[in-house]
Protein chains: 2
Amino acid sequence: MTTRADRRPTIGETHQSLRERVYVELRERIIEGTFPAGMRLVERELADQLGVSRIPLREAMQRLEQEGFLTVQARRGSVVTDFGAQDATYLFDVRENLEGLAAGLAARHATTAQLRTMERLLARSRKSSDAGRLRQAVAHNADFHQQIVEASGNPLLQELMAPLDARLRRLFRLTSDLNDGDPMCGEHERLYEAIRDRDAARAEELARHHVAGTRDSALRYFSDAATQHSDGG
Amino acid sequence: MTTRADRRPTIGETHQSLRERVYVELRERIIEGTFPAGMRLVERELADQLGVSRIPLREAMQRLEQEGFLTVQARRGSVVTDFGAQDATYLFDVRENLEGLAAGLAARHATTAQLRTMERLLARSRKSSDAGRLRQAVAHNADFHQQIVEASGNPLLQELMAPLDARLRRLFRLTSDLNDGDPMCGEHERLYEAIRDRDAARAEELARHHVAGTRDSALRYFSDAATQHSDGG
DNA sequence: ACAAGCTAACTGGTATACCAAATACCAGGC
DNA sequence: GCCTGGTATTTGGTATACCAGTTAGCTTGT
């Protein structure tokens, strides 16, 4: 169980490879908005700033490119990829299916330990939400989803979902914390019950519906933002 | 002013980067079986053999690792990832969903040009199949699937499917050419008709069913192989 | 003054050499 | 025979240099 609660960029924790740490660091900066869309990243400059050489930096950047966070133009530099309403649509279309698949598989294959973990994360999420700690609630919700994917027992699905989770976090970051915690918790609880009851069809349906709901609220944000922009222009 | 206005697809493929070429080369070797599962890859040795330095080789290997073709153990070297019945199951579970999604989206968004391309590929596949050129038929079938994904209009879906296609090719390679061309063509034709008729639900259903059929025949191969092995041992 | 062409700086791509860390294997001592 | 320690191997990482496009600025000619 990897609760990605505290991922400190401090060099000296466990010794992951430098490439990995640089990757995480840059990814977080993009997700958090420290590196906004369109920002130009210069290899030598960035390597110097991070205190690493160009090789691990390049390897980290290559991975970020593959995962859609960077756009690398050969000999023209790298820029942080834009993320708009259209990209959000693409993301949710895929997530709706993969989350549905994960939930269905989880209903079939989840171990009791995994079910217990889901229950625990759900309780934490509910608690954080009730206490008004939206940020924590969102993190626990993400962990809950991750646990479902893990419980699916399909490692390929986990591989595919991991970068999508990162993109989703970026989207949530862009759309501030508009994430209505309460209805989410309710949906999560029903989803959990379906998985616990081994009702694969219902679990899949609930998961898909849940993602669709998230999509709608995210797209609502974009259409609102567009309206605001057209005023200012 | 210049907010990422330059989204040019003018990335001429005249000269790919060395990293890209090495990546493709190694991937093909793994798919074709020149580098069998379990084979150990030594960086400097391989770099020397390919006539490149370690940097582009490492970047290519990193990508292969992410896409599941290599397993890199920290400071213990890289080995070609194994691909067994279980992995095939994982792959088909995901593909069933993503191909279904792609077909549904393609039914909604395919342009007439894309429909025409599908039709052409289908005709070629049929022709190759009738002429007994199984290898060509399989290639055209793959192109047909790829065209559906492209017609989905979801670039994220394309990104996700590309590495899965490579894995599928590897699987087909392992299972020789057991791919019964004839029934495949029939299913493809019905799938095409559903897309052409803008029947998204039917297209999705047909695509999923088609993948499920492919899975069954692939898994049949594995269980046969297992039986043979248990004889010998 | 303006446009075309050239040049120089910038930046990514690659090569080479080197060091550090970790592992694996072998030899020697108990 | 087993454990320990050293050494070779291999990867991870860095520094440095050079090459090759790309861009932008300058020069030059009309």
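Lettering of chains follows the sequences in order, A, B, ..., and the numbering in each one begins at 1.
- Residue B/Arg58 places no side-chain atom within donor-acceptor reach of the base of D/dG12, judged by atom type and a 3.5 Å distance cut-off alone.
- In this structure, A/Arg75 atom CZ and D/dA24 atom C1' are separated by 19 Å, rounded to whole Å.
- Taking the side chain of B/Glu43 as heavy atoms from C-beta on, and the options C/dT14, D/dG12, D/dG21, the nearest nucleotide is D/dG12.
- Using a 4.0 Å heavy-atom cutoff across all strands shown, B/Leu41 reaches sugar-phosphate atoms only and no base atom.
- In this structure, B/Ile55 places its CD1 atom 10 Å from C1' of D/dT14, rounding to the nearest Å.
- A/Arg76 has a side-chain polar atom (N or O) that falls below the 4.0 Å cut-off from OP1 or OP2 of D/dT23.
- Between B/Arg167 and B/Asp87 there is no salt bridge, since none of the side-chain N atoms of the basic residue sits less than 4.0 Å from a carboxylate O of the acidic one.
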Would you check, one step at a time, whether the test side-chain contact (heavy atoms from CB on, under 4.5 Å) holds for A/Glu59 with A/Tyr23? CA-CA 8 Å; A/Glu59 293 177 348; A/Tyr23 159 74; over 6 Å; no
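- Rounded to an integer number of Å, the gap from B/Glu59 CD to D/dG13 C1' is 13 Å.
- Within 4.0 Å of B/Leu18, counting heavy atoms only, lie sugar-phosphate atoms of the nucleic acid but no base atom.
- Between B/Arg21 and B/Glu25 there is no salt bridge, since none of the side-chain N atoms of the basic residue sits less than 4.0 Å from a carboxylate O of the acidic one.
- Between the CZ atom of A/Arg44 and the P atom of D/dT14 there is a distance of 16 Å, rounded to whole Å.
- Candidate nucleotides D/dG13, D/dC18, C/dT14 were compared by shortest atom distance to the side chain of B/Arg19, and C/dT14 ranks first.
- Atoms CG (B/Leu46) and C1' (C/dA15) sit 16 Å apart, rounded to a whole Å.
- Between B/Arg63 and B/Glu20 a salt bridge is recorded (basic side-chain N to carboxylate O distance below 4.0 Å).
- Atom-to-atom, CG of B/Leu57 to P of C/dA15 comes out at 10 Å; the value is rounded to the nearest Å.
- For B/Val42, taking side-chain heavy atoms from C-beta onward, the closest of the listed nucleotides C/dA15, D/dT22, D/dT10 is D/dT10.
- Distance, A/Arg21 CZ to D/dG13 C1': 11 Å, rounded to whole Å.
- In this model, a side-chain donor or acceptor of B/Arg54 finds a partner on the base of D/dG13 within 3.5 Å.
- Atoms CZ (A/Arg40) and P (C/dT11) sit 6 Å apart, rounded to a whole Å.
- In this structure, the ring of A/His145 has its center less than 6.0 angstrom from the ring center of A/His210.
- Comparing atom distances between the A/Ser17 side chain and each of D/dA15, D/dG12, D/dG21 picks out D/dG12 as nearest.
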